[in-house]
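Working notes for the structure below.
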Amino acid sequence: MKLIFATNNAHKVAEINAVIKGDVQVISLEEAGINIDIPEPHDTLELNATEKSKTIYELTKMNCFSEDTGLEVLSLGGEPGIKSARYAGEGRSFEKNIEKLLHKLENVANRSARFRTVISLIIDGRETLFEGICEGQIIEEKRGTGGFGYDPVFVPNGADKTFGEMTLDEKGLYSHRRKATEKLVVFLSNMSPIFNSLSTSNEI
Ligand code: ITT
C-alpha cells in the first residue's frame with residue numbers, strides 16, 4: 001500500500017519511517033513532487049491535521065495521512081499548542097521559539113509539558129484520527145543538537161536526556177509521534193486482511 005505523507009517536515013518523515021515498515025510505502029510531499037504550504041488555520045490539532053490530509057487527498061485522490069503536533073505547557077495554559085511552529089512569529093525559527101518559551105518560564109516552578117501528536121489518515125475518502133502523547137519537563141537551558149523544534153529543552157518522563165541529546169531510535173522509545181504512528185500501523189494491519197482477501201477474490 002502507498003500512502004502520501006502530507007508534510008514538509010523532513011524530521012517527521014524520518015521519525016515516521018522508523019515506525020512504518022513492511023508493506024506500507026510512505027511517500028513524502030517532496031517525493032510526490034508536490035510543493036505546497038498547506039494552511040493550518042484552525043484552533044485544534046485535530047482540525048489542522050484534517051486540513052492537511054484533506055487538502056492532499058483532494059489534490060491527488062491518493063490514500064494519505066498528515067500529522068499535527070503541539071507542545072502543551074501546563075503552567076502556560078497549554079501554550080504554545082497549535083502555535084508551536086510560529087510561537088515567536090512567522091519566521092518559524094526553532095531558536096527563537098525556544099528563547100520565547102524559556103523566557104515565559106523564567107522563575108516558573110511547574111515546568112510540566114507534553115507533546116501531543118494527532119495523525120489524520122484518509123483511506124478511500126474516509127478519515128481516521130490517531131493520538132500520541134509524551135509527558136515530560138521543560139529544562140532551563142538547551143541541551144543537545146539532535147532532533148528539531150523544542151527537542152533540546154524537553155526531557156521526557158523516565159529519561160535523563162533531552163530529545164535533542166537522543167538518537168532517532170532513543171527518541172522513538174518515548175515519542176508522541178511513535179505512539180500515534182503505532183496506532184496507525186495497527187489500524188492498517190487490521191485492514192490488510194480485508195485488502196488481501198479482496199485481491200484474492202478478484203484474482204479468482
Ligand atoms: P508540517 O505541518 O508540514 O507537517 P510543521 O513543522 O509545520 O510540518 P507542525 O505544524 O505540526 O509541523 O508544527 C509543530 C511545531 O511543533 C514544529 O514546527 C516544531 O517546532 C514543534 N514540534 C513538533 N513535533 C516536535 C517534536 O517531535 N519535537 C520537538 N518539537 C516538535
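Indexing begins at 1, ligand by ligand and atom by atom, following the structure's order.
- The shortest contact between atom 3 (O) of ligand 1 and any protein heavy atom is with Asn8 N, 2.9 Å.
- Cation-pi geometry between Lys100 and Tyr87 is met: under 6.0 angstrom from the ring centre, within 45 degrees of the axis.
- From Ile16, atom CD1 reaches atom CZ of Arg178 across 12.5 Å, with rounding to the nearest 0.5 Å.
- Those atoms of ligand 1 that come under 4.0 Å of a heavy atom in Asp68, given as number and element, are 9 (P), 10 (O), 11 (O).
- For Asn97, the heavy-atom gap to ligand 1 stays at 4.0 angstrom or more.
- When all heavy atoms are compared, the tightest approach of Leu71 to Ile138 is CD2-CD1, 4.0 Å.
- A salt bridge links Glu95 with Lys142; the closest basic N to acidic carboxylate O contact falls under 4.0 Å.
- Residue-level proximity to ligand 1 for Phe154 is absent, since no heavy atom of it falls below 4.0 angstrom.
- Shown in contact with Asp151 at under 4.0 Å from a heavy atom are these atoms of ligand 1, numbered in order with element: 26 (C), 28 (N), 29 (C).
- Look at Lys52 and you'll find a heavy atom under 4.0 Å from some atom of ligand 1.
- Looking only at atom types and distance, the side chain of Thr69 has no donor-acceptor partner in the side chain of Arg116 under 3.5 Å away.
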Does the side chain to side chain contact (heavy atoms under 4.5 Å, CB included) test come out yes or no for Ser120 and Phe65, once each step is laid out?
CA-CA 5 Å; Ser120 161; Phe65 69 99; over 6 Å; no
Go through the steps for Lys161 and Val155 under the test side chain to side chain contact (heavy atoms under 4.5 Å, CB included), then give the verdict.
CA-CA 6 Å; Lys161 292 197 247 182; Val155 177; over 6 Å; no
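- Among Leu45, Val153, Thr69, the residue whose heavy atom lies nearest to atom 23 (C) of ligand 1 is Thr69.
- Looking only at heavy atoms of the protein, atom 24 (N) of ligand 1 is closest to Arg177 NH2, 2.8 Å.
- Backbone and side-chain nitrogen or oxygen atoms of Glu15 are examined, and none is located within less than 3.5 angstrom of a nitrogen or oxygen of ligand 1.
- The closest approach between any non-hydrogen atom of Leu71 and ligand 1 is not below 4.0 Å.
- Close contacts of ligand 1 with Glu40, meaning ligand atoms under 4.0 Å from a residue heavy atom, involve 2 (O), 7 (O), 10 (O).
- Nearest protein heavy-atom neighbour of atom 16 (O) of ligand 1: Ser84 CB, 3.3 Å.
- In the candidate list Phe94, Phe163, Phe148, Phe5, Phe148 is nearest to atom 22 (N) of ligand 1, counting heavy atoms.
- Rounded to the nearest 0.5 Å, atoms CD (Glu51) and OG (Ser66) are 9.5 Å apart.
- Of all protein heavy atoms, the one closest to atom 1 (P) of ligand 1 is Thr7 OG1, 3.4 Å.
- When Lys171, Lys12, Glu51 are checked for heavy-atom proximity to atom 26 (C) of ligand 1, Lys171 turns out nearest.
- Considering only non-hydrogen atoms, atom 15 (C) of ligand 1 lies nearest to Ala85 out of Ala85, Ala10, Ala49.
- Salt bridge status for Glu67 with Lys12: present, with a side-chain N to carboxylate O gap under 4.0 Å.
- The protein heavy atom nearest to atom 6 (O) of ligand 1 is Asn9 ND2, 3.0 Å.
- Going from atom CZ of Phe163 over to atom CD of Glu15 covers 8.0 Å, rounded to the nearest 0.5 Å.
- Listed by number with element, the atoms of ligand 1 under 4.0 Å from a non-hydrogen atom of Tyr150 are 20 (O), 21 (C), 29 (C), 30 (N).
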Might you work through the side chain to side chain contact (heavy atoms under 4.5 Å, CB included) test for Leu121 and Ser53, ending with a clear yes or no?
CA-CA 7 Å; Leu121 170 73; Ser53 58; over 6 Å; no
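- With 3.5 Å as the limit, one finds a donor-acceptor pair spanning the side chains of Gln137 and Ser112.
- Protein heavy atom closest to atom 7 (O) of ligand 1, with residue, atom name and distance, is Arg92 NH2, 2.6 Å.
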